[in-house]
> 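Just passing along the structure, written as structure tokens.
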Amino acid sequence: MSDVRVRFAPSPTGELHIGGARTALFNYLFVRRIGGTFVLRIDDTDLERSKEDYIDKLMASMIWLGLDWDEGPYYQSKRLDQYSGEAEKLLTEGKAYRCYCSIDELASGRETAKKENRSYLYPGTCRNLTAEEEKKFLNEGRKPVIRLRIPETGTTLVKDEIRGIVSFENSDLDDFIIIKSNGLPTYNFASVVDDLQLNITHIIRAEEHLSNTPRQQLCAVALGYEMPIFAHVPMILAPDRSKLSKRHGATSVEEFRDQGFLPEALINYITLLGWSPGGDKEIFSLDESIQTFSLQKVNKTAAIYDTAKLTWMNSHYIREYDLDQLAGAALPFFQKKGLIEDKPGKEELDYYKKVLETVRERAKTLVELADASTYFYDDQFTYDQKGVKKAFTKADVSDLLRHAAQELEALDSFSGTDAEKTFESLCEKLELSAGRLIQPTRLAITGRMGGPGLFDIMNLLGREKTVERLKSAAEYIDKELNQQNS
RNA sequence: GGCCCCUUCGUCUAAUCGGUUAGGACACCAGCCUUUCAAGCUGGCAACAGGGGUUCGAAUCCCCUAGGGGUCACCA
């Protein structure tokens, strides 16, 4: 096993969204290829926004996607001693200092800077306070924060596996806060302390963190460490090129799951968002991606996510999935529609799998799969109105349906092929094209104009239901339609 | 606004060191297949942001402009 260590460090302020999932995925692909350790860390230093419920959901989503980790979760909220300890060290070394400026004072400085249309940097008011001055502030009841002393000159170089070397002028940075007045660390500090203490070797994270990296690197330098290697992966944007948010529809892994997407499809789709193995292959498994993944081939450009392609991939996986696996994945969707019992028996499950087999070809999501299966369970359906106009209004349709029902009833044995033969000879006898009989029959037994092969449906439904539905359709035509006509 | 990153079909992307009719996938359109709807197959539409260089030759290297994104919090 290699000593490469990566981490995925979500903050539990929401569900795992598609961008976070992709970041986790790239960490996973990278570390699994190299045989290193994948660490999960929960960045929960924001007490107000962090919720425990989200931690469980985050982990559940990762497991559902198949992204398992080796170590953790570590919780920043349980490591607070580490941060204050390191901060204290910086304080005694003179690399950090206490700042007594109030939030209001800071805000007003920021405001005037904005009015004068220049960028605001903390002016270093408390940079060189004397002991007496500090005492005075303390007596006033001020609670200090701790700021890192940033070099006034020089350049900080960030090495990034994807973007090369990115340089920042230290003079553009200010002495930022590492410990808040409530004693908790800020993200920029806690994250650095953790990455160093957990021996993280590669930080693979979203591009939005690139601008913060020089600050973190300066932290590491002050703490006497060298920073790990960075890889800032491009963002995933909404179709309108803006940052992803709720108003763009489904953005979390959980939502995609609820909409009937398979984890393999989601993974396959986001794998291709910002990375490509080269070549023409589009469909591949997590394991296949691990074999070919490299950070160097990750794109620099932000990707816009487009559910059309995801949907196409999902339909592909629905078609190709192992039947038992598909049955397991789709079951909750059937149960939600009330098609299947909470604890289905063996017979019910066998029938269910047969239904899946005949229906899976044309479903793009698991929701559609359940929608397309209702008439296998429920006799009480209405006829598609367009279909009624097309298939039920021709002359003598009701007689035709009754005739077909009679023929089927007269059969010694009943199967899909038997039914097909019966229909063929009936059409021949009546000198009808196959469609003339098949269309109204389809509508009669499913209520719809599209779907699986008619005789496959009959086969599954069985003779009794088929005949029954043919007859009641004939009745419907005589009653409803002829009444209208007269 | 300062700083940083980015720019190939509508979208995701490919194109070893500069030499390609700029390739694939989704979507879209047409045809084939077919009892319907899908699937599948075949074909079509469609891109190097703009302008300067460097070079025999630039999507590829350099510069400028424009556009997009990120970041500048006692959020992460």
Side-chain angles (χ1 to χ4, degrees), chain A residues 9-13 43-46 48-50 76 99 101-103 106-107 110 113-114 116-121 143-147 158 160 162-163 166-169 171-174 176-188 190-191 206-215 232 234-235 237 239 241-243 269 272-283 299-313 315-316 319 359 361-364 372 387 390-391 420 423 427 433-439 441-443 446 448-455:
Chain A
S11 68
T13 54
D43 283 9
D44 56 354
T45 53
D46 184 350
E48 283 177 18
R49 293 202 301 152
S50 294
Q76 291 194 321
C99 167
C101 298
S102 70
I103 292 178
L106 261 18
R110 216 171 279 132
K114 200 176 176 186
E116 291 165 21
N117 208 5
R118 59 184 169 81
S119 65
Y120 173 81
L121 293 178
K143 289 227 173 192
V145 300
I146 301 177
R147 290 182 183 269
V158 173
D160 190 284
I162 297 170
R163 281 152 221 283
V166 185
S167 84
F168 297 85
E169 294 303 318
S171 55
D172 288 330
L173 271 24
D174 63 0
F176 62 94
I177 294 169
I178 57 176
I179 302 284
K180 307 178 225 173
S181 58
N182 64 5
L184 295 177
T186 57
Y187 162 76
N188 276 323
S191 165
E207 192 192 343
E208 56 185 321
H209 294 290
L210 183 55
S211 298
N212 280 320
T213 308
R215 285 173 241 279
H232 286 96
M235 311 263 309
L237 267 25
R241 302 207 125 269
S242 70
K243 214 172 168 179
Y269 176 67
L272 255 11
L273 240 38
W275 178 77
S276 161
D280 291 346
K281 213 164 127 99
E282 300 274 339
I283 299 287
N299 267 323
K300 298 179 174 77
T301 331
I304 294 168
Y305 94 110
D306 162 34
T307 42
K309 189 160 181 173
L310 168 63
T311 303
W312 165 74
M313 277 187 173
S315 69
H316 170 88
R319 267 177 274 128
V359 164
E361 273 279 309
R362 48 221 101 206
K364 294 197 274 291
K390 263 189 160 174
E420 187 167 7
F423 269 49
C427 287
S433 70
R436 286 290 300 277
L437 175 57
I438 281 172
Q439 290 312 330
T441 301
R442 171 180 296 283
L443 188 63
T446 70
R448 315 180 188 201
M449 290 302 281
L454 181 67
F455 303 108

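All chains are named by letter (A, B, ...) in the order of the sequence lines, taking the proteins before the strands, and each is independently numbered beginning at 1. Only a predicted model underlies this, so the values are computations on that prediction, with no experimental measurement involved.
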> Contact class for A/Arg110 vs. all strands (heavy atom < 4.0 Å): base, sugar-phosphate, or nothing?
sugar-phosphate
> What is the base-pairing partner of B/U7, counting Watson-Crick and G-U wobble geometry with both distances under 3.5 Å?
B/A66
> Expressed as a whole number of Å, how far does the P atom of B/C17 sit from that of B/C62?
13 Å
> Using purine N1 to pyrimidine N3 plus N6-O4 or O6-N4 for Watson-Crick, or N1-O2 and O6-N3 for G-U wobble, both under 3.5 Å, which nucleotide pairs with B/G2?
B/U71
> Taking any heavy-atom pair under 4.0 Å as a contact, classify A/Ser167: base, sugar-phosphate, or nothing.
sugar-phosphate
> Apply side-chain contact (heavy atoms from CB on, under 4.5 Å) to A/Ile283 and list each qualifying residue two or more places apart in sequence or on a separate chain.
A/Asn268, A/Trp312, A/Met313, A/His316, A/Tyr317
> Classify the nucleic acid contact of A/Arg163 as base, sugar-phosphate or nothing, counting any heavy atom under 4.0 Å across all strands shown.
sugar-phosphate
> Remember a base hit wins even if backbone is also touched, and classify A/Asp43 as base, sugar-phosphate or nothing at under 4.0 Å, heavy atoms.
sugar-phosphate
> Assuming nearest nucleotide by heavy-atom distance, tell me which of A/Ser102 and A/Leu273 is located more 5' along RNA chain B.
A/Leu273
> If we take the P atom in both B/A22 and B/A59, what is their distance in whole Å?
10 Å
> Among residues at least two apart in sequence or on other chains, which ones pass salt bridge (Lys or Arg N to Asp or Glu O under 4.0 Å) with A/Glu169?
none
> How would you give the extent of chain A contacts on RNA chain B, as first and last nucleotide 5' to 3' within a 4.0 Å heavy-atom cut-off?
B/G1 to B/A76
> Could you give the distance separating B/U55 and B/C48 at their P atoms, to the nearest angstrom?
26 Å
> Under 4.0 Å between any heavy atoms, over every strand shown, what does A/Val166 touch: base, sugar-phosphate, or nothing? Just pick one.
sugar-phosphate
> Sticking with atom P, work out how far B/A30 lies from B/C45, rounded to a whole angstrom.
15 Å
> Quick one: pull up CG in A/Asn212 and CG in A/Leu173 and give me the separation to the nearest 0.5 Å.
9.5 Å
> Base, sugar-phosphate alone, or nothing: which one does A/Gly451 contact when heavy atoms must sit under 4.0 Å apart?
base
> Is A/Ser276 touching bases, backbone alone, or none of the nucleic acid, heavy atoms closer than 4.0 Å?
sugar-phosphate
> What does B/C45 pair with, Watson-Crick or G-U, if both distances are under 3.5 Å?
none
> If I pick the P atom on B/C29 and the same atom on B/A14, what distance separates them, to the nearest angstrom?
28 Å
> Give A/His232 one of three labels, base, sugar-phosphate or nothing, depending on what nucleic acid heavy atoms sit under 4.0 Å from its own.
nothing
> 5'-most contact on RNA chain B: A/Glu282 or A/Arg362, nearest heavy atom basis?
A/Glu282
> With C1' as the reference atom in both, quote the distance from B/U21 to B/C63 in angstrom, rounded to an integer.
31 Å
> When all nucleic acid strands are considered with a 4.0 Å heavy-atom cut-off, which category describes A/Asn299: base, sugar-phosphate, or nothing?
sugar-phosphate
> Which residues satisfy the side-chain contact (heavy atoms from CB on, under 4.5 Å) test with A/Phe455, sequence neighbours excluded?
A/Ala419, A/Glu420, A/Phe423, A/Ile438, A/Met458
> Write down the distance separating the C1' atoms in B/G53 and B/A58, rounded off to the nearest Å.
11 Å
> With a 4.0 Å cut-off on heavy atoms, is A/Cys427 in touch with a base, just the backbone sugar-phosphate, or nothing at all?
nothing
> Quick check for you: to the nearest 0.5 Å, what is the distance between A/Arg215 atom CZ and A/Ile177 atom CD1?
11.5 Å
> Sticking with atom C1', work out how far B/U54 lies from B/G43, rounded to a whole angstrom.
42 Å
> Mind checking A/Arg241 for me? I need base, sugar-phosphate or nothing, with any heavy atom below 4.0 Å counting as a touch.
sugar-phosphate
> Verify whether one side chain among A/His209 and A/Ser191 offers a donor that lies under 3.5 Å from an acceptor in the other.
no
> Which is true for A/Ser211 with a 4.0 Å heavy-atom rule: it touches a base, it touches only sugar-phosphate, or it touches nothing?
base
> Pick base, sugar-phosphate or nothing for A/Glu361, based on heavy-atom distances below 4.0 Å to the nucleic acid.
base
> Using the test side-chain contact (heavy atoms from CB on, under 4.5 Å), find all partners of A/Ala107 that sit at least two apart in sequence or belong to another chain.
none
> side-chain contact (heavy atoms from CB on, under 4.5 Å) with A/Arg436: which residues, sequence neighbours excluded?
A/Lys394, A/Leu432, A/Ser433
> Mind checking if A/Leu454 touches a base, just sugar-phosphate, or nothing, with heavy atoms under 4.0 Å?
base
> Check whether any side-chain heavy atom of A/Arg163 sits under 4.5 Å from a side-chain heavy atom of A/Leu210, and report yes or no.
yes
